[in-house]
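Scroll down for the structure; my scribbles are underneath it.
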Amino acid sequence: MEYDPATIEDKWRDRWASEGWYEVDPDADQEATFVTVAYPYPNGAMHVGHIRTYTVPDVYARYRRMQGDNVLYPMAWHVTGTPIIGAVERLKSGEPEQLRILQEVFEVPEEDLEELETPMGFAEYFIENSYKRSMQLLGLSIDWRREFTTNDRPYQEFISWQYETLLDHDRLVKDTHPVNFCTNERQPVTTHDLLEGEEAEFQEYTLIKFDLDGTTVPMGTLRPETVRGVTNAFVNPDAEYVRARIDGEEWIVSEAAAEKLTLQLYDVEIESHLTGRELVGSTVTNPVTETTFPILPAGFVDADNATGVVMSVPAHSPDDWVALEELKRDPSRLDEFDLDPSILDDLDPITIIELAGFDDIPAKVVVEAHDIDDQHDPALADATQELYNREFHEGRLTDAYGAFAGETIEDIRDDFRQHYTDAGAFTSMYDFTEEVVCRCGGEVEVAQQDTWFLTYNDPDWQDRTLQVLDQVEILPAGSRDQFEHTIDWLEEWPCIRNYGLGTPLPWDDDFIIEPLSDSTIYMAYYTIAHHLESLDQSVDRHLFAEVFEEDGSGEFSRSLREEFEYWYPVDVRFSASELIANHLTFYLYHHAELFEEEHWPRGITSLGMGLVRGKSMSSSAGRVVLADKTVQEHGADTVRFFLLNSAEPWQDFDWRADPVSNTRSQLERFWHRAVELIDGPEGARELRPIDQWMLGRLQVAIKEATDAFEDYEMRRVSQIAFFELEDQLRWYRRRTDLDRPGAQWTVREVLRVRLLLLAPFIPFMSNELHERLTGIAAERAGWPTADDDLISPTRDAAETLLADLVDDISSIVDVTGTDPEVIRIYTAAEWKRSILEEVLDAEEPNQGRIISKLMQRERFRRRGDAVPGVVADVIDLVHERSRETLDALAGADELEMLEQARRFLEHEFNASIEIYREDGDLVDPADRAKNALPGRPAIHID
RNA sequence: GCGAGGGUGGCCGAGCCAGGCCAAAGGCGGCGGGCUUAAGACCCGCUGGGGGUAGCCCCGUCGUGGGUUCGAAUCCCAUCCCUCGCACCA
């Protein structure tokens with residue numbers, strides 16, 4: 001019978017759905033297991049990366065179910081935020097790239113595009129046609145009654161409850177924060193809204209408030225500690241500057257800077273305009289050193305960056321060094337500004353950072369090392385980078401710095417800046433590292449905006465979160481450090497946005513709670529979601545207080561609370577490893593704050609990434625493999641098995657077409673062999689040692705697979721169940737006559753157990769075959785338990801001995817090129833067995849010590865020079881085998897073991913087999929018997 | 001740059017924490033042979049190099065360089081490379 005996944009898979013999907021196999025409710029008689037995974041963000045189609053993400057929890061859920069647990073695996077849809085809105089806008093404006101991705105990569109038919117023109121229409125389209133459909137095709141054992149989106153009203157009430165509670169707990173504060181701000185649309189924009197400068201970062205410049213006759217001329221720098229090395233300032237003579245009243249002081253900054261400062265919540269009142277030229281030649285005073293220096297003209301000064309006036313530190317900035325050198329070489333440039341060239345004479349670089357290995361001015365050293373002689377040399381950037389890095393990590397401030405002297409820059413920069421900010425000499429502003437342009441064409445600047453923050457840096461909150469972390473089982477184990485580090489490092493987190501889908505901040509509905517902040521405790525919502533969605537309008541936030549905080553008075557809230565308490569906490573949460581630094585840690589934080597210890601998370605398994613042909617997936621590059629399409633092409637079992645068997649959950653996997661079709665043929669072969677067995681005779685439980693060996697290996701496989709499953713090593717489980725047992729079956733088939741009823745019974749038993757072990761991975765095929773074999777579906781038959789009575793180290797040792805013997809005989813046949821008629825096999829003499837025991841008893845198998853010990857006894861002394869050789873060989877042999885095998889061998893009767901395999905050996909080599917004891921009556925024409933060792937019989941082929 | 005993880009044979013991947021049984025599991029791929037009219041399936045063997053009419057021997061090998069040790073893929077130091085994260089994109 002052909003393997004036809006389409007038919008089998010349809011059949012089981014229908015049965016699961018129509019009989020509601022995965023719709024679970026609390027049941028006091030069953031242990032609850034709650035498995036969750038990060039809900040998908042349906043701003044595009046589901047691809048193979050998602051398949052792995054959602055199948056891994058399914059496989060675990062199915063395993064726990066077979067272990068007898070009541071398992072809840074729910075699913076919902078995260079639609080919060082701006083990506084969906086952005087995608088819709090790009091579609092509506094007819095952006096070609098967006099149309100191409102939708103139609104060619106996600107394969108949305110032309111006639112469906114209209115549906116996608118509202119945010120929820122867009123989301124629903126991909127939920128229904130891609131995600132949910134693919135998940136159902138894959139046979140994920142999800143309780144679909146609990147499905148919801150984060151835009152649903154009851155969910156928003158839930159989030160409202162969460163945030164009102166957090167506000168009550170003082171975990172939210174209002175403050176300002178830098179954002180991308182489009183100066184054309186006059187509103188904040190996200191990275192997705194940008195045309196240029198997506199990579200740009202905010203940079204916080206320290207503004208050093210130099211004084212010009214009572215007016216402040218602030219100069220932006222990223223290296224405030226160099227303030228004592230300033231010899232002059234540079235201004236762009238042709239740029240526009242303004243004199244303005246800023247926060248009550250008189251400032252001069254570039255025109256562009258004045259606007260930025262306004263956006264950054266400085267109070268700016270422009271009083272007059274001037275050009276840079278008018279500033280040239282002025283003398284300003286350093287607020288830290290009280291020394292004075294001139295402002296010089298420089299065309300390279302970008303008025304659009306920071307304040308448009310820069311300070312010059314020639315000793316430590318290669319740029320400044322070169323600029324000043326050029327000016328000194330050609331002072332005539334100063335002529336047009338009516339400046340006396342002698343002004344340059346006083347500008348000697350001031351070294352204020354000591355750097356080991358530099359005995360001259362550092363900037364000069366690197367400029368000369370890079371052979372740079374003008375400002376346009378591209379090597380200047382490298383030189384600057386090199387010097388900045390070295391000075392930052394290794395440079396120490398000179399004695400002039402008083403309390404800050406002798407420290408590395410890395411260690412004191414922040415303190416230094418803070419000190420002078422407090423003293424009123426410094427302030428700060430943000431700017432981008434490069435030009436940033438909005439999709440609308442408008443210039444984007446950094447603006448300071450009112451925002452609500454979650455105070456993830458509250459020490460008591462951190463402590464409590466660390467307590468949560470302490471009792472969570474984290475896989476892979478190595479990522480625990482990353483959680484700890486994240487908790488330690490997290491600052492306040494701005495948790496709202498100005499627009500997007502989602503829940504408005506309850507006390508200020510101008511703001512929407514952002515996606516990483518509305519997805520921290522929704523696992524609790526799953527436990528009652530199916531009772532809420534139908535109520536919709538009548539659900540309000542107080543209900544959640546009754547369910548999650550205290551026993552409600554109402555019957556309804558009490559029944560909800562019971563359900564919550566039955567399922568909670570989450571036993572294991574699966575999520576991508578890149579979410580450790582935010583989502584997963586937030587998840588711990590919010591549980592620490594909002595739930596009692598008994599409801600804290602129990603386990604987290606972070607998932608690796610998916611690659612397609614060795615590269616990370618990218619919808620814009622078309623490098624995605626659509627989920628529904630690939631499942632239909634290969635069959636759900638094949639896709640599941642490929643993904644689960646190619647890497648452990650936390651490892652990256654690589655999707656390639658060839659290995660997938662290989663997996664398909666492996667499953668086909670398995671199917672054919674199974675069907676043949678099911679249709680064949682049942683056999684009878686009349687077991688020979690070889691059958692018992694096979695059944696013993698099966699028990700070991702059950703144990704190992706179960707242990708691996710408990711550690712979430714799913715790849716290991718499938719390797720054991722599928723490949724390792726297949727190996728052992730191969731040996732078994734070779735070893736015995738399969739027409740015996742005992743053998744027939746054995747192979748059917750092995751099949752039965754393998755179907756159970758494989759059921760979580762390939763549920764369709766396993767259920768189908770198991771039902772045909774036994775009358776019930778595999779997933780309803782329970783996880784197998786090992787029968788220790790069937791495990792026999794002696795039998796295992798006998799098979800190992802035999803397999804080694806077959807190898808040895810084969811290689812002798814190969815090397816000698818003979819086709820033997822008689823094979824004589826000699827088992828080791830009794831005295832050699834004593835040597836094995838002696839070696840096994842020894843703590844350290846030290847040859848000399850063992851020999852001298854043995855030689856004290858007459859029976860060994862009698863054998864004289866044969867003993868040391870045998871001892872050496874036995875020690876080698878001991879090194880090659882497991883302790884268990886050796887112990888079994890030591891007590892075994894090898895002759896008897898071999899006798900039982902006589903027919904097998906005759907058949908293998910098509911020769912007659914003679915078996916002797918080395919120390920018994922024997923035929924030994926070539927004097928080979930003396931080579932026998934315990935566990936390694938001597939051989940003579942003839 | 002900072003934080004976390006990783007570099008193993010043609011490929012994937014175990015081993016590393018607890019050093020010796022590691023030329024290094026298993027899978028995939030490749031090669032040779034068997035079975036077959038034939039193909040597929042199935043079975044056997046080989047798959048770093050070289051040698052061998054007795055089950056074996058020799059050389060090289062776990063990113064690179066050094067160290068510890070009688071002994072290192074495994075421990076330590078240095079170095080190079082890769083992946084993820086570094087915050088308002090989810």
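Throughout, protein chains are lettered first and strands after them, A, B, ... in sequence-line order, and every chain is numbered starting at 1.
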- Decide side chain to side chain contact (heavy atoms under 4.5 Å, CB included) for A:Ile487 and A:Leu466; before the verdict, give the C-alpha distance in whole Å, the side-chain angles of both, and the deciding distance to 0.1 Å. CA-CA 8 Å; A:Ile487 293 169; A:Leu466 286 169; 3.9 Å; yes

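- Listed nucleotides B:G13, B:C28, B:G55 differ in distance to A:Arg715; the shortest reach to its side chain belongs to B:G13.
- Whole-Å rounding puts the A:Glu724 CD to B:G13 C1' distance at 13 Å.
- Rounded to the nearest Å, the gap between the C1' atom of B:G9 and that of B:A24 is 9 Å.
- The salt bridge (charged side-chain N to carboxylate O under 4.0 Å, His left out) contacts involving residues 811-823 of chain A comprise nothing, where partners must be two or more places apart or lie in separate chains.
- A:Trp671 and A:Tyr3 have tilted rings, their planes meeting at an angle from 30° to 60° on a 0 to 90° scale.
- Legend: residues meeting ring-ring contact (aromatic ring centres under 6.0 Å, His included) with A:Phe670, ordered by chain and number and at least two apart, are A:Phe722.
- Under the 3.5 Å distance criterion, with hydrogens and angles disregarded, no donor-acceptor pair is assigned to the side chains of A:His940 and A:Asp927.
- Computed from coordinates, the A:Asp807 CG to B:C56 C1' distance equals 13 Å when rounded to whole Å.
- No side-chain N or O of A:Thr663 forms a donor-acceptor pair with one of A:Gln666 less than 3.5 Å apart.
- Comparing the C1' positions of B:C35 and B:C42 gives a spacing of 8 Å, expressed to the nearest Å.
- Annotation: B:C12 and B:A4 have their P atoms spaced 27 Å apart (nearest Å).
- Ring planes of A:Tyr589 and A:Tyr456: tilted class, angle from 30 to 60°.
- Using a 30° and 60° split on the angle between ring planes, A:Tyr522 and A:His583 fall in the tilted class, from 30° to 60°.
- Contacts between residues 577-584 of chain A and RNA chain B, counted as heavy-atom distances below 4.0 Å, involve A:Glu578, A:Leu579, A:Ala581, A:Asn582.
- Using the Watson-Crick or G-U wobble rule with both distances under 3.5 Å, B:C89 pairs with nothing in any strand shown.
- With both ends at atom P, the span from B:C11 to B:U64 equals 14 Å, rounded to whole Å.
- Across all strands shown, B:G32 forms a Watson-Crick or G-U wobble pair with B:C44, both key distances being under 3.5 Å.
- B:G63 and B:C82: their C1' atoms are spaced 11 Å apart (whole Å).
- Against RNA chain B, the stretch residues 493-503 of chain A makes heavy-atom approaches under 4.0 Å through A:Trp493, A:Pro494, A:Arg497.
- Taking a pair to require two hydrogen-bonding distances under 3.5 Å in either a Watson-Crick or a G-U wobble arrangement, B:U83 pairs with B:A4.
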Between protein and nucleotides 38-43 of chain B, what N or O pairs are separated by less than 3.5 Å?
unit_1	atom_1	unit_2	atom_2	d
B:C42	OP1	A:Arg669	NE	3.1
B:C42	OP1	A:Arg669	NH1	3.1
B:C43	OP1	A:Arg730	NH1	3.2

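- Spacing of P atoms, B:A78 relative to B:U83, comes out at 23 Å, to the nearest Å.
- Distance check on atom P: B:A39 versus B:C31 gives 14 Å, rounded to whole Å.
- Here the separation of B:C17 from B:A72, taken at their P atoms, is 14 Å to the nearest Å.
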Table of protein N/O atoms under 3.5 Å from nucleotides 6-11 of chain B N/O atoms:
none

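- Ring orientation note: the planes of A:Trp655 and A:His634 are nearly perpendicular, at an angle over 60° on the 30°/60° scale.
- In this structure, A:Arg573 is positioned above the aromatic face of A:Tyr587, its NZ or CZ under 6.0 Å from the six-membered ring centre and within 45° of the axis.
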